[in-house]
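Note that the structure is a prediction, hence the values are computed from the model and not measured. Residue numbering restarts at 1 for every chain, and letters A, B, ... go by the order of the sequence lines.
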Amino acid sequence: MVEKEHLNTTLICRIQEHANQSVTLNGWVYNSRRSGKIGFLLLRDGTGTIQCIIVKNDVGEDQFESFKSLTQESSLSVSGTVVENERAPGGFEIQVNTLTIHQVSEEYPITPKEHGTEFLMNNRHLWLRSKRQHAILKIRHEIIKATRDFFDSNDFTLVDTPILTPNVCEGTTTLFETEYFGQRAFLAQSGQLYGEANAFAFGRQYNFGPTFRAEKSKTRRHLLEFWMVEPEIAYCDLDEDMVWAEKMLEFIVQRVLENRKFELEILERDTSMLEKVKAPFPRISYTECVDMLKEGGFDFQWGGDFGSPEETYISEKFDRPVFVHRFPSAIKAFYMKRDPENEDLVMGMDVLAPEGYGEIIGGSEREADHDTLLKRINADGLSLDDFQWYLDLRKYGSVPHAGFGMGLERTVTWICKLSHLRETIPFPRMYGRLRP
RNA sequence: UCCGGUGUAGCUCAGUUGGUUAGAGCAGCGGACUGUUAAUCCGCGUGGCGUAAGUUCGAGUCUUACCACCGGAGCCA
C-alpha cells in the first residue's frame, strides 16, 4: 500500500478513518440542493459519494456564491471536517470550510430522471458515472479478481494467448478478418487451442482476454467483443473438468456475496438464489435433457442443438447452475474427445446458469490421439497448414486434458440479475454499435 | 438475414373517431427557504412530430417505401 503522505487525495471510501479530522476531497458534483443559506452537495470521487454541508455564515458570501454556480458533474475540491451525522446518507458528512472549483460542467445530459437505452448508450462515456453502472462494473471487477485468485491459488499459471490468429478455431462462427502484411488474419474467437499448448508446458494454465465473433447477433446474450477466461488442464478428464468449473463458480459467487453487498443492494439483487450456488452442481446428460424437454411439451428431436428457449427451460428446473454433458458429436467442435462408450457423443459439457440465464460455460475433454484428430481436421475441411502445430501436441507426449471457457459478461449478467449483458462491459461492441 | 414493436422539446412521455394556436414532467435560467435525500414553492423558454411520397378541403393521427432503434430467432460465452 502506498503511504498516505505520498498522495494528494483522501478517498471517500476511506472517510471513516478520518473522523473529526480536516480533509480535502477531490471529485465531482453528483447532486446539489440548497435551502436558503445552507447547501447540500453530494460529492462523488469514484470510490463513493459523501454529503458536504456548505453554510453561508461559515464559508462567506463569495464561497457560497460559487457553490450556487455548481452544476451536475462540475469538478471541485472541498476542504472541511469529517463529522458523523445520522442524517447524512452514509453516516458521515463534510462540514466545508473552502471549496475550489476546477471546472463548472456544461449542461449534463444524464439527469436524475429516466432515460432510454439508446440515449444512455450514446452517452456511455458519461453513463459510467451513474450509481447503477458503477455498481455493475465494481461487481465485474470483483468477479475478475475472484477468478484470478481462484486459479492462482490452485497452482495455475496465467499464460496469455494471441488475438491475431491465422486459423479459424472452430470453423463454425464468422470471424473478424484483417490483413497481416499480405496474409489473411482473424481476431481470435477463443484462446483454447493455444491454451492446450500452454497446458502441456505449464500443467495448469488459464488465459483471460478479449475474444471476437463477427455475428450479426441482436440478442441480450451476445456481444461481438467479450471477455473469456479459459482454464486448460493437463492430465484431466471430463469429470475433473466439471469439478474445476463448479468450484470456480462457487468461489466467485461467494466472493461477490462477501465483498459486494453494497453493490448488490443498489442493483436490488435478491441474494438468496446466489447463496444456493454451492458445489456439487447437478449433472445431466444431453439425452436426459431431451427427455425433459419432451415432457415439458417441446417438439425436440435427439441430435438437435439447444436453442435459447430450451436452455432457459432446463436451467429454470434447478436452483443452482447445472451441467449438461455428452452432446451429439455432430453438433460439436472437432477437437472434443468422443465418448469411449458411444461414438455418437462427445465428452463435452455446458454450464447453464440458474434463473433462466442459460449457457455461461462451455468445455470439454479434448481429443488426445493424433490420428483421430487428424481425421477430424480433414473431415471438417480445415487447413492442415494452420493446424500442424496443434497436431504436434499429440505427437510429443500427448495426455488426456480438458478445459472450459467462461463468458465473463454472461456471468456478470447472471450474478447481477440484469436483463441485458450490454451494461456489464464498459464500452460494449454490439451489432450496429461501434461508438463511443 | 428473418419476424414483431417503437420513432412527438436536451431527456422521459401524453396527444381521443383526421379539424385549424402542439402538451406535461424533468433538466436549464431567475427568485424564496439553515437539514435537504429524485427537496419544495413562484416565474421564464424550447418543437423540420424519423425521412420521402400519397389519400384528403384538412395529416402528429390514415396508406406505402426507406432509415434508425428496441425485442425475439439463428450463431454461441
When both hydrogen-bonding distances must be under 3.5 Å and the geometry is Watson-Crick or G-U wobble, what is rA9(B) paired with, if anything? none

So, do Tyr194(A) and Trp389(A) have ring centers that fall under 6.0 Å from each other? yes

Look through every strand shown and name the nucleotide pairing with rG4(B) as Watson-Crick or G-U wobble, where both distances are under 3.5 Å. rC70(B)

What's Gly116(A) touching, base or sugar-phosphate or nothing? Going by heavy atoms closer than 4.0 Å. sugar-phosphate

Considering Watson-Crick and G-U wobble pairs with both distances under 3.5 Å, what does rC44(B) pair with? rG28(B)

With no angle test and no hydrogens, is the base of rU37(B) tied to the side chain of Asn31(A) by a donor-acceptor pair under 3.5 Å? no

So if I apply the side-chain contact (heavy atoms from CB on, under 4.5 Å) rule between Arg269(A) and each of Ile139(A), Ile415(A), Leu264(A), which one comes out positive? Leu264(A)

Rounded to whole Å, OH of Tyr431(A) lies from C1' of rC70(B) at a distance of 15 Å

Expected output is a numbered-order residue list: members of residues 357-366 of chain A with a heavy atom under 4.0 Å from any atom of RNA chain B. What is it? Glu359(A), Ile360(A), Ile361(A), Gly362(A)

Separation of the C1' atoms in rC76(B) and rA14(B), to the nearest angstrom: 41 Å

Any Arg221(A) side-chain nitrogen or oxygen under 4.0 Å from OP1 or OP2 of rA73(B): yes

The single option from Phe150(A), Trp244(A), Phe202(A) that satisfies ring-ring contact (aromatic ring centres under 6.0 Å, His included) with Phe156(A) is Trp244(A)

Is the shortest distance from a Lys or Arg side-chain nitrogen in Glu288(A) or Arg326(A) to a carboxylate oxygen in the other one below 4.0 Å? no

Please determine, for rC57(B), whether a Watson-Crick or G-U wobble partner exists with both distances under 3.5 Å, and give it or none. rG19(B)

Under 3.5 Å donor-acceptor pair, Ser217(A) side-chain atoms to rC75(B) base atoms: yes

Let's test this: given Watson-Crick or G-U wobble pairing with both distances under 3.5 Å, identify the partner of rA52(B). rU64(B)

Could you give the distance from OG1 (Thr81(A)) to CD1 (Ile94(A)), rounded to the nearest 0.5 Å? 8.0 Å

Suppose we call two aromatic rings close when their centres sit under 6.0 Å apart. Are Phe92(A) and His18(A) close by that rule? no

At under 4.0 Å between heavy atoms, what does Phe40(A) touch on the DNA or RNA strands: base, sugar-phosphate, or nothing? base

Quiz question: going by heavy-atom distance under 3.5 Å, is there a donor-acceptor pair between the base of rG35(B) and the side chain of Glu93(A)? yes

Taking Arg260(A) first and then Glu142(A), would you say they form a salt bridge - that is, a charged N and a carboxylate O separated by under 4.0 Å? yes

Across all strands, who's sitting opposite rA38(B) as a Watson-Crick or G-U wobble pair, both distances under 3.5 Å? none

Would you kindly check whether a donor in the side chain of His115(A) faces an acceptor in the base of rC11(B), or vice versa, at under 3.5 angstrom? no

Rounded to whole Å, how long is the line connecting atom CZ of Phe306(A) with atom C1' of rG74(B)? 17 Å

Atom-to-atom span, CD of Gln72(A) to P of rC26(B) - whole angstrom: 15 Å

Look at all strands and tell whether Lys56(A) reaches a base, only sugar-phosphate, or nothing, counting heavy atoms closer than 4.0 Å. nothing

